[in-house]
Amino acid sequence: MDVIRLLPDSVANQIAAGEVIQRPASVIKELVENAADAGASDIRIFIKDAGKTLIQVVDNGRGMTETDARMAFERHATSKIRNAEDLFTLHTMGFRGEALPSICAISQVELRTRTEDSQMGTRIVINGSRVESQEPCVCEKGTVISVRNLFYNLPARRKFLKSDAGELGHIMREFERMALVNNHLRISIDTGSRAIDLRPGTMLQRINDIWKNNLNMQLIPIAVDTDLVKIQGYVSRPEFARRRNALWHLIANGRHINHLKMHKVITGCFENLIATDTQPCYFVKIEVDPAEIDINIHPSKNEVKLEREKEILSILGASVKAALGKFAATPQIDFDTDLVPVQPTGSGAPENPGIEVPSDYNPFDFGTDPGFLPAEEAGSQSRPFAPYSEIRSSGSRSNVRNWDTLYNRFMNRQEEAARDQEPVEGVLPAIEDSVPPPLKECFQYADKYIVTTTRRGVMVIDQHRAHLKILFEDCLRSVRRMEVTSQRVLFPETIALDPEQQDALARVQTELSAIGFSLEYEEENRWSIAAVPTMISQSDARETVMRILESVREESDSYGTTDDPVDGLMRRMALVMARSAAIVRGRRLSPQEMETLVGQLMSLTDPSLTPNGKRIFTILDEDRLKALLD
């Protein structure tokens, strides 16, 4: 009996949809790319319920005839290519002919389209790959496509979509990428709660229109044109490197891509120019011969392979370094300035080493002072001075140890002074020396990990995560104990929020008010911090608010999952404060600091995991060590 059969088109389309359409943002990406390929100069996007209920894309492109409108929803139907050779001369965003059939297979679609030379347009209604109607209609030139009830026939996929705020965050990030790529087009989006309308302009104007905050003033231009590749764009100045939310945008032949090697080359140019825990922003466009780039790697078309990758990476790295040097973004030596003599630290001349040598000490007299004799001879009678020739001829080397005795005495005095010296205060924020460390003999490895011993074996502790956990628990207790009151600030600080941050603020504004914050809307994307909780200072208010909004966007963190939204925000606030004060990896700690840190960690109820579920330490017991050595 034959068991192999041809799948129906509807089933094949649903399978393909699993690769092409992951979430509402994927639908918007495919529809906007089709609109751009159709020659549209104005693209409008309308969203309802974060795309789960409705996604509508309106463009003023060429439109489609009645036949083309029906063919567009057939699998592998496309107007972009005719044969395999066309894959090496692609100038369009789409070419597979999979997007529209995949979208129709998992939603209810309505299409209205009309060409410029037609008086009537065409309306098509498709429900789960099944065409329900096709009829003439009156509509504007261009195309209007509405996608309703995404994943309605795949409840498992719809169930695992994130919340409206989470999916809206993905939509806004995708919108930013599309708007940056198509800076020559007018593109707008209306999410129901906020509308953004971006006018055509240069790449720098589009960057400033999307991200505001005078970002264009922080950028350095790149412009290189060779026979192999043309590179243009912008990188941020080193002083504006970010610890979080860095903007990384690579565009290849008009297509937003992810390319790990290019990313490493660009960020590598900032080595020794920025702090190790920061990252630069960059917006880079490259143009190569279409025959030397392969974009047919992944259905999402955001991965590419370059035929002459090594040469292009070298040119990219050289262009970024040249831009940094040209605009004085790298450290330089001014040879015209007068030399300034280096003065020793402190006042007065440097102190002499604390070596006390008797005025009558003769290093060649081995019998004058028993204290300078070797240990085995210290109790014996002193003998007369032995000439150097006698010592050399006898071959005896024991007397040379008198130099070691003098050195050892000096080192012993230095160690005693170090033990008597008080530890430096204030090196580790919020670590109390009064807590006795339960573990001893700690040492630091790679300036990142603390290694100590327990009854169970060797314990390796991540110093940053350990301190973060300690500060989080302390801050959480303080936040929960505080009164729900706030203090008005004399001079309110203004903050500018991008679209995603404004969405995050809309979600937690009630909770922020409950813990003492008061944010007042001014204009466009600007808000003023009018009041802050009594437990934080006005100078920390802006950074605290920005960190809280960033944490709201990262819904995967377990510290935010709680039934009480106010308590959840308190946990976010505590974590924000802890992150800003925790010691970083790569910082050298004194023995006292390490012992105190370990002692405070072990005094916690749950010292093994950070607030977002990452391991703080591991223990290598005897069996594991033996297995590693065998």
Legend entry - Residue pair Thr115, Arg62: steps toward the side chain to side chain contact (heavy atoms under 4.5 Å, CB included) verdict: CA-CA 6 Å; Thr115 60; Arg62 290 185 295 269; over 6 Å; no

Legend entry - Reference residue Ile145; test side chain to side chain contact (heavy atoms under 4.5 Å, CB included); the match among Val58, Leu100, Ile103: Leu100

Inset, instruction - Measure the shortest side-chain to side-chain distance between Val32 and Ile28 over non-hydrogen atoms and say whether it is less than 4.5 angstrom. - result: yes

Inset, instruction - For Arg199, check salt bridge (Lys or Arg N to Asp or Glu O under 4.0 Å) against everything at least two apart and list the hits. - result: none

Legend entry - Value rounded to 0.5 Å, distance of CD1 in Ile21 from OG in Ser107: 8.5 Å

Inset, instruction - State, yes or no, whether a side-chain contact exists between Val229 and Glu311 at a heavy-atom distance under 4.5 Å. - result: no

Inset, instruction - Applying side-chain hydrogen bond (donor to acceptor under 3.5 Å, both in side chains), name anything that partners Thr113, two or more places apart in sequence or on another chain. - result: Thr143

Inset, instruction - Applying side chain to side chain contact (heavy atoms under 4.5 Å, CB included), run through Met262 and Leu306 and close with a yes or a no. - result: CA-CA 11 Å; Met262 287 188 185; Leu306 300 169; 3.3 Å; yes

Inset, instruction - Determine which pairs satisfy side chain to side chain donor-acceptor pair (under 3.5 Å) with at least one residue from residues 257-268, sequence neighbours left out, and list them in order. - result: His259-Glu309, Lys261-Glu309, His263-Tyr282

Inset, instruction - Would you indicate whether the side-chain heavy atoms of Trp248 and Ile266 approach each other to under 4.5 Å? - result: no

Legend entry - Qualifying residues under salt bridge (Lys or Arg N to Asp or Glu O under 4.0 Å), relative to Asp49, sequence neighbours excluded: none

Inset, instruction - Evaluate the side-chain proximity of Ile220 to Lys326: yes if any heavy-atom separation is below 4.5 Å, no if none is. - result: no

Legend entry - Residue list, ring-ring contact (aromatic ring centres under 6.0 Å, His included) with Phe175, at least two apart or on another chain: none

Inset, instruction - Please lay out, stage by stage, how Met172 and Ile189 fare under the test side chain to side chain contact (heavy atoms under 4.5 Å, CB included). - result: CA-CA 9 Å; Met172 296 309 300; Ile189 186 170; 4.2 Å; yes

Inset, instruction - Please list, chain by chain and in numerical order, all residues satisfying side-chain hydrogen bond (donor to acceptor under 3.5 Å, both in side chains) with Asn183, sequence neighbours excluded. - result: Lys285

Inset, instruction - For atom CZ of Arg194, decide whether the heavy atoms of other residues, nucleotides or ligands shown that lie under 6.0 angstrom number more than 12. - result: yes

Legend entry - Aromatic ring pairing His249/Phe283, orientation class (parallel under 30°, perpendicular over 60°, tilted between): parallel

Inset, instruction - Determine the minimum heavy-atom distance between Ser236 and Phe270, stating which atoms define it. - result: O-CE2, 3.3 Å

Inset, instruction - Apply side-chain hydrogen bond (donor to acceptor under 3.5 Å, both in side chains) to Asp225 and list each qualifying residue two or more places apart in sequence or on a separate chain. - result: none

Inset, instruction - Heavy atoms only: give me the nearest Leu324-Cys269 pair and the separation to one decimal. - result: CD1-O, 3.8 Å

Inset, instruction - For the residue pair Ile171 and Pro24, establish whether any side-chain heavy-atom pair is separated by less than 4.5 Å. - result: yes

Legend entry - CG on Leu519 to CG on Leu497, rounded to 0.5 Å: 7.5 Å

Inset, instruction - Can you see which heavy atom on Gln279 is nearest to which on Ala246, and at what distance? - result: CB-CB, 4.0 Å

Inset, instruction - Taking side-chain hydrogen bond (donor to acceptor under 3.5 Å, both in side chains) as the test, write out the residues that go with Glu174, two or more places apart. - result: Arg177

Inset, instruction - Please report the shortest heavy-atom distance between Pro221 and Tyr234, naming the atom on each side. - result: CA-CD2, 3.5 Å

Without placing hydrogens or testing angles, list every side-chain donor-acceptor pair under 3.5 Å for residues 38-48, not counting sequence neighbours.
unit_1	atom_1	unit_2	atom_2	d
Ser41	OG	Asn60	ND2	3.0

Inset, instruction - Would you please name every residue forming a side chain to side chain contact (heavy atoms under 4.5 Å, CB included) with Ala252, sequence neighbours left out? - result: Ile257, Ile286, Ile293

Legend entry - Shortest non-hydrogen separation from Ser528 to Pro492 and the atoms involved: CB-CB, 4.2 Å

Inset, instruction - State which residues pass ring-ring contact (aromatic ring centres under 6.0 Å, His included) with His464; sequence neighbours excluded, sorted by chain then number. - result: none

Legend entry - Over 12 foreign heavy atoms within 6.0 Å of NZ, Lys448: no

Inset, instruction - State the CE-CG distance between Met546 and Leu505, to the nearest 0.5 angstrom. - result: 10.5 Å

Legend entry - Which atom of Leu54 lies closest to which atom of Arg148, heavy atoms considered: CD1-CG, 3.8 Å

Inset, instruction - Kindly indicate, with the supporting measurements, whether the criterion side chain to side chain contact (heavy atoms under 4.5 Å, CB included) is fulfilled by Glu239 and Gln218. - result: CA-CA 9 Å; Glu239 60 266 29; Gln218 306 173 12; over 6 Å; no

Legend entry - Listed partners of Tyr521 passing ring-ring contact (aromatic ring centres under 6.0 Å, His included), at least two apart: Trp527

